[in-house]
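First comes the structure, then the notes that go with it.
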Amino acid sequence: MTNIPDRSIRICADRGGTFCDVHAYAKIPIKHLRLLHCSLRSYPDPENPEERKEIVVKLLSQDPGNYSDAPTEGIRRVLEIVTEQKIPRNSVLRTDKIDYIRLSTTVATNALLERKGHKHALLITRGFKDLLLIDNQSRPRIFDLNICRPSPLYSTVVEIDERVTLVGYTSDPQAEEHAIQFDQAGNVMKAYSGKGWDGEGYAEGPGEIVKGISGEAVRIMKRPDPDIVRRDLQKLYDEGYRSLAIVLVHSYTFPDHERFVGDLARSIGFIQVSESAQLLPMIKMVPRGVSSTADAYLTPILRDYLDGFFEGFDEKLKGGHISGARVEFMGSDGGLVDLDNFSGLKSILSGPAGGVVGYALTSWDSKEKHPIIGLDVGGTSTDVSRFDGRYEVVYETTTAGVTIQSPQLDINTVAAGGGSCLTFRNGLFLAGPESAGAEPGPVCYRKGGPLAVTDANLLLGRLIPDYFPKIFGRSEKEPLDVEASRIAFEKLAEDINTSHDGKLTLDEIVYGFIKVANETMCRPIRALTEARGHATSKHILASFGGAGGQHACEIASLLGIRTILIHRYSSILSAYGLALADRVYELQEPCSTFYTANNKLSLIERLDKLTNDVKTELKRQGFEEKRIHVERMLNMRFEGTDTALMVLAAPDGNEDYEAAFYKVYRSEFGFVLETKSIIVDDIKVRGIGKTFDNLGESVYAEVARLTVNLVDKSRADSVYSVYFDQIGRVDDTPVFLLDSLSVGDTLEGPAMIIDQTQTIVLVPGAGAVLTSQHLYITLNSIS
């Protein structure tokens, strides 16, 4: 058995729709790696060439005939490799050798898309029972003749007889002059003096006046009756409900009533209580409410999955960092969170977020500042994002008809990937949106699945069975079945040619589906660039995902992009991104004040307080002061509008949020409302505990200094018949093994570059240079 130190293995696992990718760092003798028969790649440690540093394992996300959970199975395989011991499947795994496990998962996303979340009840202020059903009245498909509105996520509604209101009225031109004034202790110093005040008391009517978190004066009109609330909660519990979403009016600034109801619910035995003010202390009751119901709907499903995951390991794992290995999760905003802070609401984009972090940190050059488009072509879908020195974050997104208010990376997803089903309907070639998934998978997976994009790439020669992992069929040991794909396409070709004037060859038909899939993948890229005023051709394309290398050159050509980056770990970049990702902790408070010279000082003071709290928490998690980076933001809007933008001041130390807001607003909408006052709805501080100080020399600097060496075709491992656009079949397309190439080697298309987890198609007219971490591809001719 290899002598492996305790807490020396670092494992990152990304469970996608089709494949689960595992990246691990460990010290393993070379002699052992030569005996392995799995999808694996490793690199020598420069300081000790007799040891290897990295392991990659790729397996199907679903294979119920062989294992119940893919990440657990992947980790089991890693431990077998490292310890040189056979570990039976379904046995409890020891974690004493593991430092950390980082996970990203699509469990919550799939539950939302498939509407398979947890039954829960909505508790809302009396009189607002139908608020979330009415929603915001947006009509995205106003001309459809048969509109099917998605049903709400909650199963029943209970009204809480409570009410608070804000003192004053919206858009009062003298709001600050009329407002109630409080002292430092929160006692009323000056009564309200605006419209509606009858001259008696502190406000427009009776009720206790308190100072809200945002600084606004809150009038408590009716407190909830404990006996009635307990009775209603007990009735729900007796009916089988175990999850609740609590959404009360103005709770963003006065959360006391939500806390009271939540505490009662937990005392009765409810396992999930999602309080809207705790989840999202922001104004706007509808998105705050929908987000809370989404959390109550998804978090129990996520917790059930994680409980099952932890059952595969010893008890030390769930104990956290102090007692042994720790577990961290990728949040939708691109930051890592611990188990206590991970929830359904934060996990909706957990899977693709790791890939964004991976390409952003490995492709960005702070000197060159080339904007980058990330293209993640997976088995089920394609995720597209943009990076220009900072993660682009949105705070309100719609997923499966549910509008959620929560910070998420701005990722556009389209249903086109390696597993997208190929059909011919009404004279049209269609790729997706249906997916073959991992079970049964495409036809070539040997499990009776439908035709998919993977079958098309296989038949065109863009996937070579002899080089592809033999993990298919019921035994998990069979190669891709090219004959099954051919038979299925020949049958489809008969139907197509029957309805087509001219007879198309099989290659033309198969490639026609690839062209449709490529155009579908280009659509979200144009939405992120051209639709927002960015020239697509000025970007660099960072392609990753299991199927990214097969489509990257053609997609770049369609978009007018000349440079493509494909990382060594591009096929598992979402897992590799977890290894590079930073720990994130953030705090947010409502504000509701005008941005003026007089108020700026108090805003900075509040930001300072949140900054100290964020740093304290990150230090508690083990980060030194020098490894903590802080972003201070204000959520700002023009008075009279309802569109707020989260603004980060320019990094010049002056914190001029007004100038930053004007710049962001003009970029987003093309104009500014210079006569309007600016209102600050929220203040937010995001703390980042850095995993790495830097990742060394950028790929662009490396390419500039490299001495290149044109590789002769005689060095190819083999040749293969591959179909290319316009020129057709090239029967002697050279196939190069990535691991046999050296830094500085240059290839010219047409060619194929393969390693054990990915296949890269180099089209005619393209050139590629191998760097230490990337394949740097340049398209010499743009069609």
Side-chain angles (χ1 to χ4, degrees), residues 23 25 27-28 30 33-34 39-56 358-368 370 372 467 540-544 548-549 552-553 556 562-573 575-577 579-580 692-718 733-763 765-780:
H23 172 273
Y25 167 95
K27 294 183 177 181
I28 310 167
I30 292 176
L33 286 170
R34 294 190 182 120
S39 180
L40 166 68
R41 178 171 65 235
S42 60
Y43 295 97
D45 183 344
E47 298 179 0
N48 188 348
E50 286 305 307
E51 293 187 352
R52 300 276 178 163
K53 294 190 69 173
E54 292 173 285
I55 306 167
V56 172
Y359 87 77
L361 295 182
T362 58
S363 304
W364 175 253
D365 187 319
S366 58
K367 295 180 180 178
E368 297 290 339
H370 295 300
I372 305 162
Y467 294 95
I540 288 172
L541 184 68
S543 174
F544 57 104
C553 286
R562 292 185 177 274
T563 304
I564 304 166
L565 294 178
I566 299 181
H567 195 272
R568 276 188 177 269
Y569 286 139
S570 68
S571 66
I572 56 113
L573 200 62
Y576 187 66
L580 304 179
F692 296 98
D693 292 326
N694 65 78
L695 296 177
E697 183 182 39
S698 77
V699 60
Y700 315 102
E702 184 179 2
V703 168
R705 67 166 176 78
L706 276 180
T707 301
V708 298
N709 171 47
L710 183 61
V711 177
D712 189 83
K713 290 185 178 180
S714 62
R715 285 182 56 188
D717 188 70
S718 64
T733 302
V735 179
F736 296 94
L737 297 182
L738 184 60
D739 289 344
S740 69
L741 300 175
S742 302
V743 172
D745 281 352
T746 302
L747 303 174
E748 292 182 348
M752 302 267 283
I753 305 166
I754 295 177
D755 68 8
Q756 291 177 305
T757 63
Q758 63 180 329
T759 299
I760 300 165
V761 178
L762 204 60
V763 300
V769 179
L770 183 66
T771 71
S772 59
Q773 294 296 324
H774 289 85
L775 197 64
Y776 186 94
I777 300 175
T778 304
L779 300 184
N780 299 320

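These values consider heavy atoms only, across backbone and side chains, with no hydrogens, waters or symmetry-generated copies. Since this is a predicted model, take the numbers as computed values, not measurements.
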Find the distance between [atom1] ([X]) and [atom2] ([Y]) and round it off to the nearest 0.5 Å.
{"X": "His370", "Y": "Ile540", "atom1": "NE2", "atom2": "CD1", "result": "5.0 Å"}
{"X": "Tyr359", "Y": "Leu541", "atom1": "OH", "atom2": "CG", "result": "10.0 Å"}
{"X": "Ile372", "Y": "Asp365", "atom1": "CD1", "atom2": "CG", "result": "9.0 Å"}

[X] vs [Y] side-chain heavy atoms within contact, under 4.5 Å:
{"X": "Phe736", "Y": "Leu738", "answer": "no"}
{"X": "Gln758", "Y": "Ser570", "answer": "yes"}
{"X": "Asp745", "Y": "Val769", "answer": "no"}
{"X": "Ile753", "Y": "Leu747", "answer": "yes"}
{"X": "Val761", "Y": "Met752", "answer": "yes"}
{"X": "Ile564", "Y": "Cys553", "answer": "yes"}
{"X": "Arg715", "Y": "Pro734", "answer": "no"}
{"X": "Thr746", "Y": "Val711", "answer": "no"}

Original post:
Is the centre of the Phe544 ring less than 6.0 Å from the centre of the His567 ring?
Top reply: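 Ring-ring flag for Phe544/His567: false, centres at least 6.0 Å apart.
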Where do [X] and [Y] come nearest, in terms of heavy atoms and distance?
{"X": "Asn780", "Y": "Gly767", "value": "ND2-N, 4.4 Å"}
{"X": "Ser543", "Y": "Gly549", "value": "OG-N, 4.1 Å"}
{"X": "Tyr776", "Y": "Tyr700", "value": "CE1-CD2, 4.0 Å"}
{"X": "Ile777", "Y": "Ala766", "value": "CG2-CB, 4.3 Å"}

Between the side chain of [X] and the main-chain N/O of [Y], is any donor-acceptor distance below 3.5 Å?
{"X": "Thr759", "Y": "Ile754", "value": "no"}
{"X": "Ser740", "Y": "Leu737", "value": "yes"}
{"X": "Asp717", "Y": "Val735", "value": "no"}

Original post:
Is the number of heavy atoms from other residues, nucleotides or ligands under 6.0 Å of Glu702 CD greater than 12?
Top reply: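 Counting neighbours around CD of Glu702, more than 12 heavy atoms of other residues, nucleotides or ligands fall under 6.0 Å, so yes.
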Side-chain donor-acceptor pair present, [X], [Y], cut-off under 3.5 Å:
{"X": "Glu54", "Y": "Tyr569", "value": "yes"}
{"X": "Ser718", "Y": "Tyr467", "value": "yes"}
{"X": "Glu368", "Y": "Ser698", "value": "no"}

